[in-house]
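Residue numbers start from 1 in every chain, and the chains themselves are labelled A, B, ... in the order their sequence lines are given, proteins ahead of strands.
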Number of protein chains: 2
Amino acid sequence: MNKTLKEMDVLRQHLEKHQLKLTRQRELILTAFLRQEHITAEAMYHQLAKKDPHLGLATIYRTLNLFCEAGIAQARHFGTQTQYDNISHKGHHDHLICTGCGTIVEFENCEIERLQEEVATKNGFVIQTHRLELYGLCSRCRH
Amino acid sequence: MNKTLKEMDVLRQHLEKHQLKLTRQRELILTAFLRQEHITAEAMYHQLAKKDPHLGLATIYRTLNLFCEAGIAQARHFGTQTQYDNISHKGHHDHLICTGCGTIVEFENCEIERLQEEVATKNGFVIQTHRLELYGLCSRCRH
DNA sequence: TTTGAAATTGATAAACCGTCTCAAGAGGAT
DNA sequence: ATCCTCTTGAGACGGTTTATCAATTTCAAA
């Protein structure tokens, strides 16, 4: 039985459209990628080293960038590295970060998300992903 | 007459608290930084080369990172470089970023800010600053 | 004002991340 | 099965940021 994953079809379509080829590596990386919410190329390299020790880091980068072009992934520069976000994954968390002790509280707020959509639409954008970080002091650090 | 800039006081306070010293270079870089809305270390290096040809690039990086720790600046990684945003000088600009062409649209939304405060309060936080970035495709990049 | 411990600087080396190169290998239309 | 093209792996490479370290500067205390 063949895979019937939506993303695999998206990839196949993209490859065909651009005269690219479906390789063992691309299938392998896609399968692994879809299990993540977001991952770096380096992390995926180590993760896949077990399954295929000869899979090159350059191939991971090339393939994750390919996924971005195909609309399956989304690159996001975070800290010093690039995070590749799995777009199909919906459970997104925003962060409240204490500048005193570094505590991170995750939250979700539908109303904020709705307003974000509104702003985007007003500017002709279609949102793929977002990042919201609130920095401040938690109650303990305020004494 | 001494400078009475709010940011200079913030810096002085941070330095004192961490047993750091106020140097000619730190004053120079702060003054230049406050004139910008956001800038890269490299750009600041070239800009300040006229005033002080011996100012090192490493010092710029160190100092801008110091400003981040002091809460005067905020680092934002975009593409291959790091942008240092001037937090104080800027109102509250959030960013809409096109993942296709890199265009950045700034926006403000009071309602979102209000909801952010609400979330923070609910979690016992007092917000100092925040970062909101919406990633997506602009109308041109969607064809 | 002089002194001295500790922090800072400038110059450059090194680390780091991501891309490029290219010969060898794999995909797939015919 | 063939052949043309795309892809891969390994390492070189380039640009950005950080680490190193001797010389210099700051600043608190004498």
Side-chain angles (χ1 to χ4, degrees), chain A residues 2 8 11-30 32 38-46 48-70 73-85, chain B residues 2 8 11-30 32-33 38-70 73-85 99 102:
Chain A
N2 254 337
M8 188 62 80
L11 178 60
R12 261 194 264 268
Q13 229 171 309
H14 179 86
L15 294 175
E16 195 160 347
K17 190 168 164 188
H18 294 82
Q19 287 125 278
L20 305 177
K21 293 170 179 175
L22 181 59
T23 64
R24 184 178 58 77
Q25 288 89 338
R26 285 173 178 168
E27 282 191 289
L28 179 63
I29 295 172
L30 178 57
H38 52 80
I39 193 166
T40 64
E42 192 75 27
M44 177 156 280
Y45 179 61
H46 287 117
L48 289 180
K50 298 157 195 162
K51 295 198 171 181
D52 183 351
H54 292 294
L55 188 58
L57 183 54
T59 299
I60 309 256
Y61 275 109
R62 282 188 290 237
T63 305
L64 288 175
N65 287 334
L66 173 69
F67 292 171
C68 289
E69 282 152 29
Q74 155 80 64
R76 192 163 45 91
H77 303 277
F78 189 80
T80 159
Q81 293 202 140
T82 300
Q83 291 278 345
Y84 290 87
D85 293 353
Chain B
N2 254 338
M8 187 62 80
L11 179 59
R12 261 194 262 269
Q13 229 171 310
H14 179 85
L15 294 175
E16 196 161 346
K17 192 169 164 186
H18 294 80
Q19 287 127 280
L20 305 178
K21 292 168 180 175
L22 181 60
T23 64
R24 185 178 57 78
Q25 288 89 339
R26 285 174 177 168
E27 282 190 289
L28 177 64
I29 295 171
L30 178 57
F33 178 69
H38 53 80
I39 192 166
T40 65
E42 191 76 27
M44 177 155 279
Y45 179 61
H46 287 118
Q47 185 175 310
L48 289 179
K50 297 158 197 162
K51 294 197 172 183
D52 182 351
H54 292 295
L55 188 59
L57 182 56
T59 299
I60 309 256
Y61 274 108
R62 282 188 291 237
T63 304
L64 289 174
N65 286 334
L66 172 68
F67 292 171
C68 289
E69 283 153 26
Q74 190 172 80
R76 187 165 43 89
H77 304 273
F78 191 77
T80 158
Q81 293 204 138
T82 300
Q83 289 279 345
Y84 291 87
D85 293 353
T99 57

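In this structure, the CD atom of A:Q81 is 13 Å from the P atom of D:dT18, given to the nearest Å. When rounded to the nearest whole Å, the span between CD1 of B:I60 and C1' of D:dT18 equals 15 Å. Rounding to whole angstrom units, OH of residue A:Y61 and C1' of D:dT7 are separated by 19 Å. Rounded to a whole Å, the CZ atom of A:R26 is 9 Å from the C1' atom of D:dT8. Computed from coordinates, the B:Y45 OH to D:dG15 P distance equals 16 Å when rounded to whole Å. Computed from coordinates, the B:L28 CG to D:dT26 P distance equals 13 Å when rounded to whole Å. A straight line from CE of B:M44 to P of D:dT16 spans 17 Å, rounded to a whole angstrom. Atom NE2 in B:H77 sits about 13 Å away from atom C1' in D:dT18, given to the nearest Å.
Using a 4.0 Å heavy-atom cutoff across all strands shown, B:T40 reaches no nucleic acid atom at all. Across all strands shown, B:Q19 has heavy atoms under 4.0 Å from sugar-phosphate atoms exclusively, and none from any base.
In the helix from C:dT1-D:dA30 to C:dT30-D:dA1, the rotation axis of the first five pairs and that of the last five pairs differ in direction by 30°, rounded to 10 degrees.
Between B:T80 and A:L55, the residue anchored closer to the 5' end of DNA chain D is A:L55, taking for each the nucleotide with the nearest heavy atom.
Residues B:I29 and B:F67 share a closest heavy-atom pair of CG2-CE1, 3.9 Å.
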Between protein and nucleic acid, restricted to nucleotides 19-25 of chain D and to nitrogen or oxygen atoms under 3.5 Å apart, what atom pairs and distances do you find?
{"from": "D:dT20", "atom 1": "O4", "to": "B:R62", "atom 2": "NH1", "distance (Å)": "3.4"}

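Side-chain contact between A:Q83 and A:Q74 is absent, with no heavy atoms from C-beta onward closer than 4.5 Å. Using a 4.5 Å heavy-atom threshold, the side chains of A:L30 and A:M8 count as touching. Counting heavy atoms from C-beta outward, B:R12 and B:E16 have side chains that stay 4.5 Å or more apart.
Contacts of B:Y45 classified as ring-ring contact (aromatic ring centres under 6.0 Å, His included), with partners at least two apart in sequence or in another chain: none. Shown here are the side chain to side chain contact (heavy atoms under 4.5 Å, CB included) partners of B:T23, two or more places apart in sequence or in another chain: B:Q25, B:R26. For B:T82, the side chain to side chain donor-acceptor pair (under 3.5 Å) criterion is met by B:H77, not counting sequence neighbours. In terms of the side chain to side chain contact (heavy atoms under 4.5 Å, CB included) criterion, residue partners of A:E69 (sequence neighbours excluded) are, by chain and number, A:H14, A:L66. Checked against side chain to side chain contact (heavy atoms under 4.5 Å, CB included), B:A49 has no partners two or more places apart in sequence or in another chain.
Running 5' to 3' along DNA chain C, contacts with non-hydrogen atoms of chain B at under 4.0 Å begin and end at C:dA6 to C:dT12.
The side chain to side chain donor-acceptor pair (under 3.5 Å) analysis of residues 52-66 of chain B, with sequence neighbours excluded, yields the pairs B:R24-B:D52, B:T59-B:R62, B:N65-B:Y84.
The neighbour count for A:E42 CD, taken as heavy atoms of other residues, nucleotides or ligands under 6.0 Å away, is above 12.
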